[in-house]
Trainee: 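Handing you this structure, nothing more for now.
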Amino acid sequence: MYDFRAIEKKWQDIYAAEEPFRIDLEGAKKPFYNLMMFPYPSASGLHIGNMFSFIGSDVYGRYMKLLGYDVFEPIGFDAFGIHSENYALKTGRHPAELTPESIRFFREEQLKKIGAIYDWRSEVNTSAPEYYRWTQWIFLKLFEAGLAEKRESEVNWCPSCKTVLADEQVIEGQCERCNATIVKKTMSQWFFKITKYADRLLENLEKIDWTEITKNIQKSWIGRSKGTTISFPIESTDEQIEVFTTRADTVFGVTFLTLAPEHPLVERIVQEERREAYQEFLSQVAKMDDATRTSISRSKTGIFTGAYARHPFTNEKIPIWVGDYVLYAYGTGAVMGVPAHDERDFLFAKKYDLTIRKVIACSDDQLPYTEKGEMVHSGEYSGWASERFISQAETLAPFLKSKVQYHLHDWCLSRQRYWGPPIPMLYCENCGTVPVPEKDLPVLLPVTDDYIPDGSGLSPLARHEAFLWATCPVCGGKARRETDVSDNFFDSAWYFLRYVSPDDSKKAFNSERVQKWLPVDMYVGGNEHANLHLMYARFITMALHDIGLLPFEEPFTKFRGHGMIIKDGQKMSKSKGNTVNPNDYFETHGVDTLRTYLMFMGNFLEGGDFRESGLDAVKRFIGRVWDLTALPSGPSSLKAKIKMAETIKRVQFAFENIKYNTGVAALMELVNSLQDEQALEPSLIVDIARLLAPYAPFISEEIHAMYGGKGTILNTRFPTGYDVYLEQALAEIPVQINGKLRGKITIAQNATQEQVMEKVLEDGRLTAYFQGREVKKVIYLQDKIINLILGSM
RNA sequence: GCCGAGGUGGCGGAAUCGGCAGACGCAACGGACUUAAAAUCCGUUGAGGCGUAAGCCUCGUGCGGGUUCAAUUCCCGCCCUCGGCACCA
C-alpha cells in the first residue's frame with residue numbers, strides 16, 4: 001500500500017532543504033522562462049481554480065526540464081489593489097497587516113506543498129516598497145515619453161469601491177470587482193495613452209503564438225473600424241459638423257444630422273426658441289445611468305435644434321437634431337441620419353416624421369436596407385457599387401477624409417484608494433505639475449489607520465497632512481502631492497521583468513538578464529485577463545521598448561489560456577457552498593493525486609468538471625503505479641516494451657499540445673497492460689516514473705530514488721530508445737468491404753497490398769462477403785487500412 | 001445584431017494529415033475475496049434487432065443536404081450552447 005502522506009512529506013522537505021530548482025540566472029545554458037499568472041493574496045487562500053492554473057503551468061515547466069532546459073519558474077504575489085484592500089475592509093483589518101499573513105499562508109501552506117519547480121529566490125511582492133518604487137519609476141518613464149497625462153474627462157465611477165475604474169474593468173456596466181452599477185463622472189485623472197498603440201497591439205497579434213480565443217477577445221476589444229469623416233457646413237456660421245461613418249456610400253441619403261447631447265457644438269447652434277426644450281432634454285438624458293442609456297432596445301429620443309446644415313454634395317438644407325442614441329465618446333460624437341439604410345436612423349425618422357430617401361437599390365418594403373449594393377439617386381455616383389465609393393471616398397471630395405476609429409480607450413490609471421503605489425507626481429503653485437525626481441523614489445505609502453475611502457472623489461491619502469505636502473524639486477517651494485494611487489493592473493503589467501532581478505536595488509530590471517531570459521517562452525493563465533492584464537502588459541512592454549529599455553515589444557511569445565473548472569456540473573460559488581478547498585485533498589488523496597486528477601479531468605485549455613469520484617480513480621491509479629515496483633526485476637516482455645514505446649509518443653504529444661488529459665489516459669492504459677507481466681526491468685519502471693513526473697512529482701521522485709537515482713528525477717532525461725521495439729510490432733489492419741468494416745487481419749509492418757490480400761483471402765469470414773462478385777477496386781494504405789470495392793451482383 | 005469557440009454513450013471526455021467512433025475514467029450491473037461490509041481485483045456496458053451458441057446485421061458524432069472508396073473530421077444551409085463585443089454610426 002502506497003503511503004502517500006509519508007512520501008509526499010519527505011519530498012516536500014527535500015525540495016525545501018535542497019532547492020533543486022534554483023536557477024543560475026547568469027550561467028544557465030538553455031534558458032526557458034515558464035510563467036504563470038501570479039495570484040492576488042487573500043486570506044481565504046488559493047482556490048481550486050488557481051491550483052488548476054498553476055499546476056497546468058508547472059506540468060509544462062517540468063516537462064521542459066525533462067527535455068534538458070534550464071526552466072525558470074518564478075512565483076510572486078499581486079498584493080496591492082482593490083482585491084486585497086476590499087478584503088481588509090470587510091474584515092476590519094489593516095491591509096498592511098493582513099497581506100503578509102495571506103502571503104505566508106499561500107506560500108507555506110499551499111504553494112510549497114504542490115511540488116512545483118518554483119525558484120523561490122525570485123519571489124516578488126508588488127506591495128513591497130522595493131517593488132513599487134520601480135512601478136513608480138516606470139510611471140515616470142512613461143510620463144517623460146509623453147505617454148502619461150492628467151486630463152479631465154468622463155470616467156467610470158464605482159460608488160461601492162468609491163474609485164474610478166478603467167474601461168476594461170467595467171463589465172456590462174458593472175464593476176469588475178464588486179458588480180456595483182457604474183456611473184459616469186467628469187473628473188481629472190491620470191491616463192496612459194494606450195490608444196497610441198492600438199494599431200500595433202492589433203497587428204502584433206499576428207506574430208505571437210497565443211490561443212486564438214485570447215487573441216480574438218483582444219481584437220474585438222481594440223475594435224478597429226475603418227470609415228470616413230464627412231464635414232457638413234452649418235448654415236449662417238463658419239462652423240462645420242464632422243460625422244464619422246463606415247457607409248460613406250449612403251451620403252446622398254442623408255436627411256438629418258444628429259449630435260450627441262453632450263456635444264459642445266449644440267450649445268452654440270441651438271436656436272433661441274428651442275433652447276428651453278434642449279435644456280429639458282439634456283437633464284432627462286443626464287438622469288439615465290449608462291446601462292439604461294446604451295440599452296439597445298430603448299426607444300430613441302431626440303430634439304430639433306432649430307439649426308440647419310448644408311449637404312456638401314447637393315447643398316440641400318439638412319436639419320440638425322440632438323439624439324440620445326449618439327455617443328459623444330465614439331467617433332466624432334455626431335452621425336449623419338440615413339434613415340433608408342440604417343436601423344436606428346430609420347426608427348428615429350419614423351418617430352419624428354423625417355424624410356426617408358433611398359440611395360441603395362432595393363425594394364421599398366426592404367427598408368431600412370443595410371446591405372451594400374448599387375448606389376442610386378446619388379448624382380454622378382449613381383450606378384457605383386458601395387464598395388467602390390467607400391474605398392475611393394477620400395479622393396472624391398475635400399470634405400471626405402478616411403479615418404480609423406478604435407473601441408479601445410486610454411487606460412485610466414488613477415484610483416481614489418489607499419492600498420496601491422502613490423502616483424509620483426507633485427503640483428507646485430509656481431511650476432505646475434512636476435514629477436517626483438527618481439532619486440526620491442519610492443514615494444512611500446504612509447502607514448495610517450485612516451485609510452477608508454470616503455467617496456469624495458479624493459483618495460484617503462488626501463486627508464493625510466504629512467503625506468500631502470512636499471517641496472517642489474524645481475523651485476523649492478511648497479508642492480502638493482498627487483494623492484491617488486495607481487491601478488493594480490499597473491503593478492502586474494511588468495512583474496515578469498522584475499522576476500529576473502528581484503534583489504536589484506539599482507535598477508528595475510537587469511538588462512543582461514532580460515536579454516537572456518525574456519520574452520517569456522510560455523505563459524499560462526485565465527482568459528478573463530485578456531483585455532486587462534494581458535493587454536496592459538503588452539502595452540507597457542511596447543512602451544518600454546520604444547523608450548529604449550527593452551529589446552523586444554511583445555512580452556509573451558507563447559500564451560495558453562486555460563478553461564474554467566466547475567464542480568459536479570455547476571459553477572462554483574461561495575453562495576452555493578460548493579467551493580473546493582485544495583488543501584483538504586492534500587490530506588485525503590495526496591498532492592500527486594490532486595495534480596494528476598486536475599490534469600485528467602478534462603482538456604486543460606477548455607476546463608473541466610471536478611468530481612470526487614474521479615479523484616478516487618486517480619488515487620487508485622497512483623497506487624497501481626506504486627505496485628509495479630513490487631514486481632520481480634527481470635527482462636520485460638516485448639509486448640511491454642512495445643506498449644512503452646507507444647505510450648512515450650502519446651505522452652509527449654500530450655505535453656507538447658497541452659492535452660494533458662490524454663497523456664494521463666495513455667499512462668493509465670500502460671499501467672493496466674502491465675498488470676499481467678511477470679517481471680519488469682528497473683529501467684522501464686523508472687522510465688514510467690519519468691513520464692509521470694510532470695503530473696505526479698513525489699511518487700516519481702521516490703521511484704527514481706528507490707532504484708538508485710540521485711537528485712531530482714527532472715535532472716535525468718525524458719525516456720528514449722524504445723522506438724526499436726515499435727518496429728517489431730505487428731500491424732492490425734481493418735478490412736473494409738464497400739466502405740464498411742467487416743474484419744481485421746494481423747500482419748507484419750510495411751506489408752504490400754498483395755501480402756495483405758493474401759491474408760484477406762485466407763479468411764473465410766471475409767471472403768464470404770464477395771461470393772460471386774469481382775473485386776473492382778482496392779484502396780490500401782500501408783499499415784492503416786484496406787478497402788475492397790466489389791462489383792454489383 | 002456582429003465576431004469567435006463548441007455540440008460525440010447515463011456522465012466527464014478521446015479520436016495527431018479524410019482511414020477501426022466512443023481511448024481513458026466515472027456511474028451502473030454481474031462475479032471473486034469476506035461471517036458481513038468497506039477496500040481491492042475480474043468481467044459486461046452506444047441504441048435496436050437476429051441467433052440455442054460461436055457470432056452476425058442495421059442504425060449511430062446537434063439537424064438537413066453534398067463531395068469521397070471512406071466524413072466526428074471537408075463543403076453548403078439551418079438549430080442550439082458558451083465566450084467576447086454591442087444604440088460603435
Side-chain angles (χ1 to χ4, degrees), chain A residues 1 171-172 211-223 225 227 243-247 250 258 260 293-300 323-327 329-338 342-345 347-348 370 405-407 527-528 530-531 561 563-564 566 568-569 597 600-603 605-618 620-621 623-624 627 649-650 653-654 656-657 659 661-672 675 732-744 765 776-781 784-790:
Chain A
M1 195 62 192
I171 312 292
E172 286 175 8
T211 24
E212 284 303 317
I213 298 171
T214 321
K215 293 207 263 186
N216 186 47
I217 294 170
Q218 288 207 343
K219 242 178 241 170
S220 51
W221 184 258
I222 295 167
S225 148
V243 301
F244 175 75
T245 179
T246 55
R247 291 297 303 275
T250 62
T258 315
R293 167 115 185 246
T294 57
S295 146
I296 201 158
S297 53
R298 195 177 54 82
S299 92
K300 291 126 192 52
D324 58 2
Y325 70 100
V326 180
L327 304 178
Y330 188 81
T332 57
V335 301
M336 59 185 201
V338 186
D342 182 279
E343 206 86 38
R344 291 152 304 178
D345 295 342
L347 292 171
F348 196 76
T370 58
Q405 182 64 38
Y406 299 93
H407 171 261
N527 278 319
E528 66 275 15
N531 288 339
M564 297 262 283
I566 55 174
D568 299 320
Y597 174 64
F600 177 63
M601 185 170 71
N603 182 323
L605 301 180
E606 286 161 21
D609 190 358
F610 189 94
R611 294 173 181 209
E612 299 222 353
S613 57
L615 212 49
D616 294 337
V618 172
R620 284 195 287 272
F621 164 67
R624 280 200 293 274
D627 292 343
K649 285 197 185 313
R650 288 171 64 189
F653 180 84
E656 298 284 350
N657 294 284
K659 291 176 169 227
N661 52 338
T662 64
V664 178
L667 282 163
M668 284 174 167
E669 241 183 86
L670 172 70
V671 172
N672 289 347
Q675 293 302 307
E732 192 179 54
I733 299 179
V735 181
Q736 293 185 341
I737 292 166
N738 287 337
K740 285 192 176 167
L741 181 72
R742 294 302 185 186
K744 284 172 195 180
R765 270 202 302 240
K776 227 168 59 179
K777 191 176 173 190
V778 179
I779 293 129
Y780 173 61
L781 260 87
K784 280 256 161 123
I785 202 163
I786 186 161
N787 191 4
L788 310 177
I789 311 304
L790 304 182

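Order of the sequence lines sets the chain letters (A, B, ...), proteins ahead of strands, with each chain counted from 1. These numbers come from a predicted model, not from an experiment. Every heavy atom of this structure was used, including side-chain atoms; hydrogens, water molecules and symmetry mates were not.
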Trainee: Is there side-chain contact between A:Asn738 and A:Leu788, with heavy atoms separated by less than 4.5 Å?
Mentor: no
Trainee: Scan A:Asn603 against the nucleic acid and name what it touches under 4.0 Å (heavy atoms): base, sugar-phosphate only, or nothing.
Mentor: sugar-phosphate
Trainee: Return whichever of A:Gly333 or A:Gln218 has its heavy-atom-nearest nucleotide of RNA chain B closer to the 5' end.
Mentor: A:Gln218
Trainee: Taking only side-chain N and O atoms of A:Asn787, does any of them lie within less than 4.0 angstrom of OP1 or OP2 on B:rG19?
Mentor: no
Trainee: Answer with base, sugar-phosphate or nothing: what part of the nucleic acid does A:Lys219 contact at a heavy-atom distance below 4.0 Å?
Mentor: nothing
Trainee: Applying a 3.5 Å limit to both distances, which nucleotide forms a Watson-Crick or G-U wobble pair with B:rA28?
Mentor: B:rU44
Trainee: For the CD atom on A:Glu343, are there more than 12 heavy atoms of other groups (residues, nucleotides or ligands in this structure) within a distance under 6.0 Å?
Mentor: no
Trainee: Starting the side chain at C-beta, find the nucleotide from B:rC88, B:rC24, B:rA21 nearest to A:Tyr330.
Mentor: B:rC88
Trainee: Under a 3.5 Å cut-off for both contacts, is B:rA14 paired Watson-Crick or G-U wobble with anything, and if yes, with which nucleotide?
Mentor: none
Trainee: With the side chain of A:Arg742 defined as its heavy atoms from C-beta on, choose the nearest nucleotide among B:rG19, B:rC57, B:rA14.
Mentor: B:rC57
Trainee: Whole angstrom is fine here: how far is it from CD in A:Glu612 over to P in B:rA27?
Mentor: 12 Å
Trainee: Of A:Arg650 and A:Met336, whose nearest nucleotide on RNA chain B comes first from the 5' end?
Mentor: A:Arg650
Trainee: Under 4.0 Å between any heavy atoms, over every strand shown, what does A:Ile779 touch: base, sugar-phosphate, or nothing? Just pick one.
Mentor: base
Trainee: Looking at B:rC85, I'd like to know if its phosphate oxygens (OP1 or OP2) sit under 4.0 Å from a side-chain N or O belonging to A:His407.
Mentor: no
Trainee: With P as the reference atom in both, quote the distance from B:rC80 to B:rG62 in angstrom, rounded to an integer.
Mentor: 16 Å
Trainee: Kindly point out which of B:rU40, B:rA23, B:rC69 is positioned nearest to the side chain of A:Arg620?
Mentor: B:rU40
Trainee: Where the side chain of A:Glu669 is concerned, which of B:rG83, B:rA23, B:rC85 is the nearest nucleotide?
Mentor: B:rA23
Trainee: Below 4.0 angstrom from OP1 or OP2 of B:rG83, is there any side-chain N or O of A:Asn527?
Mentor: no
Trainee: If the glycosidic angle is within 90 degrees of 0 it's syn, otherwise anti, so just tell me which one B:rG9 is.
Mentor: syn
Trainee: Figure out the CG/C1' separation between A:Leu790 and B:rC69, and round it to whole Å.
Mentor: 11 Å
Trainee: So which nucleotide does B:rC63 pair with, by the Watson-Crick or G-U wobble rule with both distances under 3.5 Å?
Mentor: B:rG77
Trainee: Side chain of A:Thr662, heavy atoms from C-beta onward: which of B:rC59, B:rA89, B:rA15 has the nearest atom to it?
Mentor: B:rA15
Trainee: Check every atom of B:rA89, B:rC20, B:rG12 against the side chain of A:Val326 and return the nucleotide holding the closest atom.
Mentor: B:rA89
Trainee: Which atom pair, heavy atoms only, marks the closest approach of A:Val326 to A:Gly333?
Mentor: CG1-O, 3.5 Å
Trainee: Nearest of B:rC87, B:rC85, B:rG12 to any side-chain atom of A:Trp221?
Mentor: B:rC85
Trainee: Can you find a pair of side-chain heavy atoms, one from A:Ile222 and one from A:His407, that are under 4.5 Å apart?
Mentor: no
Trainee: In this structure, how many angstroms lie between the C1' atom of B:rC87 and the CZ atom of A:Arg344, rounded?
Mentor: 5 Å
Trainee: Has A:Arg624 got a side-chain N or O lying under 4.0 Å from the OP1 or OP2 atom of B:rC41?
Mentor: yes
Trainee: For A:Asn531 and A:Gln218, work out which heavy atoms get closest and say how close.
Mentor: OD1-CA, 3.7 Å
Trainee: Say you pick atom P in B:rU45 and the same atom in B:rG84; how far apart are they, in whole Å?
Mentor: 42 Å
Trainee: Between B:rG25, B:rC87, B:rA86, which nucleotide gets closest to the side-chain atoms of A:Leu327?
Mentor: B:rC87
Trainee: Paired with B:rG22 by Watson-Crick or G-U wobble geometry, both distances under 3.5 Å: which nucleotide is it?
Mentor: none
Trainee: Does any N or O in the side chain of A:Tyr597 come within less than 3.5 Å of the main-chain N or O of A:Glu612, such that one atom is a donor and the other an acceptor?
Mentor: no
Trainee: Using whole Å, what does the distance between atom P of nucleotide B:rC82 and atom CG of A:Asp609 come to?
Mentor: 16 Å
Trainee: Using the P atom as the point on both nucleotides, what is the distance between B:rU61 and B:rA5, in whole Å?
Mentor: 23 Å
Trainee: Just call it for A:Phe621: base, sugar-phosphate, or nothing, with non-hydrogen atoms closer than 4.0 Å on any strand.
Mentor: nothing
Trainee: Could you give the CD1-to-P distance, from A:Ile785 to B:rA70, as a whole number of Å?
Mentor: 12 Å
Trainee: Would B:rC17 be called syn or anti here, given the cut-off of 90° from 0?
Mentor: syn
Trainee: Within the structure provided, determine whether A:Ile779 and A:Gln736 are in side-chain contact (heavy-atom separation under 4.5 Å).
Mentor: no
Trainee: Just to confirm, is there a sub-4.0 Å distance from OP1 or OP2 of B:rA15 to any side-chain nitrogen or oxygen of A:Lys659?
Mentor: yes
Trainee: Using whole Å, report how far CD of A:Gln405 lies from C1' of B:rC88.
Mentor: 8 Å
Trainee: Rounding to a whole Å, what distance do you find between A:Asn216:CG and B:rC82:P?
Mentor: 18 Å
Trainee: Starting from P on B:rU58, measure out to CG on A:Asn738 and report it in whole angstrom.
Mentor: 11 Å
Trainee: Remember a base hit wins even if backbone is also touched, and classify A:Val778 as base, sugar-phosphate or nothing at under 4.0 Å, heavy atoms.
Mentor: nothing
Trainee: Within a strict 4.5 Å, meaning less than it, do heavy atoms of the A:Met668 and A:Val618 side chains meet?
Mentor: yes
Trainee: Tell whether A:Lys777 reaches the base of B:rC69 with its side chain through a donor-acceptor pair below 3.5 angstrom.
Mentor: no
Trainee: Specify whether A:Phe348 and A:Tyr325 have parallel, tilted or perpendicular ring planes, treating 30° as the upper limit for parallel and 60° as the lower limit for perpendicular.
Mentor: tilted
Trainee: Can you tell me which nucleotide in B:rC26, B:rA89, B:rG84 comes closest to the side chain of A:Ser613?
Mentor: B:rC26
Trainee: Classify A:Asn531 by what it touches in the nucleic acid, base, sugar-phosphate, or nothing, heavy-atom distance under 4.0 Å.
Mentor: sugar-phosphate
Trainee: Should B:rC87 form a Watson-Crick or G-U wobble pair with both distances under 3.5 Å, which nucleotide is its partner?
Mentor: none
Trainee: A:Ser220 has a side chain; which of B:rU16, B:rC24, B:rG84 sits nearest to it?
Mentor: B:rG84
Trainee: Could you let me know what B:rG55 is paired to, Watson-Crick or G-U wobble, both distances under 3.5 Å, or none if it's on its own?
Mentor: B:rC50
Trainee: Any side-chain heavy atom of A:Leu615 sitting closer than 4.5 Å to one from A:Met601?
Mentor: no
Trainee: Quick one: label A:Gln736 by what it contacts on the DNA or RNA (base, sugar-phosphate, nothing), any heavy atom closer than 4.0 Å.
Mentor: base
Trainee: A:Asn672 near the nucleic acid: base, sugar-phosphate alone, or nothing, with a heavy-atom cut-off under 4.0 Å?
Mentor: sugar-phosphate
Trainee: Applying the Watson-Crick and G-U wobble criteria at under 3.5 Å, what pairs with B:rG4? Answer none if nothing qualifies.
Mentor: B:rC82
Trainee: Taking only N and O in the side chain of A:Lys740, is any of them less than 4.0 Å away from OP1 or OP2 of B:rG60?
Mentor: no
